[in-house]
Amino acid sequence: MNDDTRRNQPLFPISIVMKLTELSARQIRYYEEHELINPARTDGNRRMFSFNDVDKLLEIKSLIEQGVNLAGIKRVFELNQQAVSLLKNEVKNEQVSDAAIHRRLKRDLMHAGRLGKTSLIQGELSRFFH
DNA sequence: ATTCTCACA
DNA sequence: TGTGAGTA
């Protein structure tokens with residue numbers, strides 16, 4: 001089982017996530033309604049969140065505090081997703097050396113840090129740091 | 001005891 | 001976004 005799989009394991013119920021993120025259940029469900037997160041469901045229809053879900057929620061909270069609306073946050077996630085796809089393809093196609101990849105990742109992570117989206121990138125690219 | 005959906009004096 | 005109702 002790799003890190004990606006591990007981070008996507010549905011582990012905690014909404015009560016735990018509320019404490020971890022300091023968000024209300026209402027807010028967490030509201031963000032799901034707007035497709036910013038997609039937690040798994042149990043047999044009894046209870047939401048089960050993964051570490052990635054929690055990271056995303058923390059990112060949402062941070063962006064909300066910075067005055068970004070849900071549409072804007074969704075765009076940030078989409079751009080982030082695109083950047084991740086490009087990096088994954090570079091690695092998959094072996095078009096750059098390992099050293100170049102690490103230099104590229106470090107540069108991108110630093111840039112992302114200024115935009116407050118470090119955790120998301122680190123989460124989705126964690127498997128490249130083995 | 002918890003979480004879910006729905007609705008709004 | 002909060003909150004209460006009625007469930008599962």
Side-chain angles (χ1 to χ4, degrees):
Chain A
M1 184 183 285
N2 59 50
D3 282 18
D4 262 27
T5 301
R6 220 184 307 280
R7 298 181 73 85
N8 283 314
Q9 282 298 313
L11 302 175
F12 359 80
I14 198 166
S15 57
I16 299 300
V17 178
M18 288 174 68
K19 292 189 174 184
L20 257 29
T21 65
E22 296 185 270
L23 288 170
S24 65
R26 179 82 168 84
Q27 290 175 299
I28 295 172
R29 296 180 183 123
Y30 185 68
Y31 301 149
E32 177 191 37
E33 256 184 81
H34 289 257
E35 302 177 272
L36 268 48
I37 55 173
N38 56 311
R41 294 287 182 134
T42 65
D43 297 330
N45 197 41
R46 270 75 221 278
R47 270 167 274 249
M48 286 300 275
F49 303 77
S50 66
F51 279 112
N52 278 336
D53 289 327
V54 174
D55 285 343
K56 270 195 171 185
L57 253 5
L58 289 172
E59 194 59 27
I60 292 171
K61 186 188 178 188
S62 171
L63 290 169
I64 287 293
E65 293 173 339
Q66 290 176 40
V68 183
N69 58 42
L70 298 191
I73 294 176
K74 195 166 185 177
R75 272 180 268 157
V76 169
F77 285 178
E78 291 171 349
L79 289 175
N80 213 109
Q81 168 63 46
Q82 289 176 42
V84 170
S85 294
L86 290 176
L87 287 173
K88 285 183 177 178
N89 281 324
E90 282 192 358
V91 175
K92 181 179 181 181
N93 298 326
E94 300 181 302
Q95 293 176 177
V96 290
S97 70
D98 280 6
I101 290 175
H102 281 273
R103 267 186 276 104
R104 171 67 178 284
L105 286 176
K106 182 174 183 180
R107 192 201 72 195
D108 286 0
L109 286 172
M110 289 184 72
H111 181 265
R114 295 188 209 102
L115 301 179
K117 58 182 182 181
T118 311
S119 63
L120 279 181
I121 290 181
Q122 291 182 325
E124 300 190 65
L125 294 181
S126 64
R127 70 188 180 88
F128 293 135
F129 289 105
H130 286 173

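In what follows, chains are A, B, ... by sequence order, proteins preceding strands, each numbered from 1.
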Legend entry - Partner set under side chain to side chain donor-acceptor pair (under 3.5 Å) for Asp43(A), not counting sequence neighbours: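 By the side chain to side chain donor-acceptor pair (under 3.5 Å) rule, Asp43(A) matches no residue at all.
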
Legend entry - Sole candidate of Thr42(A), Ile14(A), Asp53(A) that passes side-chain contact (heavy atoms from CB on, under 4.5 Å) when paired with Met48(A):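 Per the side-chain contact (heavy atoms from CB on, under 4.5 Å) rule, the option paired with Met48(A) is Thr42(A), out of Thr42(A), Ile14(A), Asp53(A).
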
Legend entry - Leu58(A) backbone acceptor or donor facing Ser62(A) side chain under 3.5 Å: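 Flag not set: sc Ser62(A) to bb Leu58(A) has no pair under 3.5 Å.
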
Inset, instruction - Indicate yes or no for a side-chain donor-acceptor contact from Asn80(A) to the backbone of Phe77(A) under 3.5 Å, with no hydrogens or angles considered. - result: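 Checked: no pair found.
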
Inset, instruction - Could you check Glu22(A), Gln27(A), Arg26(A) and say which one makes a side chain to side chain donor-acceptor pair (under 3.5 Å) with Ser24(A)? - result: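 Result: among Glu22(A), Gln27(A), Arg26(A), Gln27(A) is the only option passing the side chain to side chain donor-acceptor pair (under 3.5 Å) with Ser24(A).
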
Legend entry - Minimum side-chain heavy-atom gap Ile37(A)-Ile60(A) below 4.5 Å: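 The answer is yes, as the side chains (C-beta and beyond) meet within the 4.5 Å cut-off.
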
Inset, instruction - Report yes if some heavy atom in the side chain of Tyr30(A) is under 4.5 Å from a heavy atom in the side chain of Leu70(A); otherwise report no. - result: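 Yes, side chains in contact.
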
Inset, instruction - Give DNA chain C the dot-bracket treatment, 5' to 3': Watson-Crick (N1-N3 with N6-O4 or O6-N4) or G-U (N1-O2, O6-N3) under 3.5 Å, [ ] crossing, | other strand. - result: .|||||.|

Inset, instruction - Pull out every residue in residues 28-37 of chain A that has a heavy atom closer than 4.0 Å to any atom of DNA chain C, ordered by number, or say none. - result: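 Those residues are Tyr30(A), Tyr31(A).
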
Inset, instruction - Heavy atoms of chain A, cut-off under 4.0 Å: which first and last nucleotide of DNA chain B, 5' to 3', fall inside that, if you could look? - result: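 First and last nucleotides in contact are dT2(B) to dT5(B).
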
Inset, instruction - With a 4.0 Å heavy-atom cut-off, tell me which residues in residues 9-17 of chain A come close to DNA chain B, sorted by residue number. - result: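 Pro13(A), Ile14(A), Ser15(A) - these, ordered by number, are the residues of the stretch whose heavy atoms sit under 4.0 Å from the strand.
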
Inset, instruction - Produce a footprint string for nucleotides 3-8 of chain C: one letter per nucleotide, 5' end first; B if the base is under 4.0 Å from any protein heavy atom, S if only the sugar-phosphate is, - if neither. - result: B----B

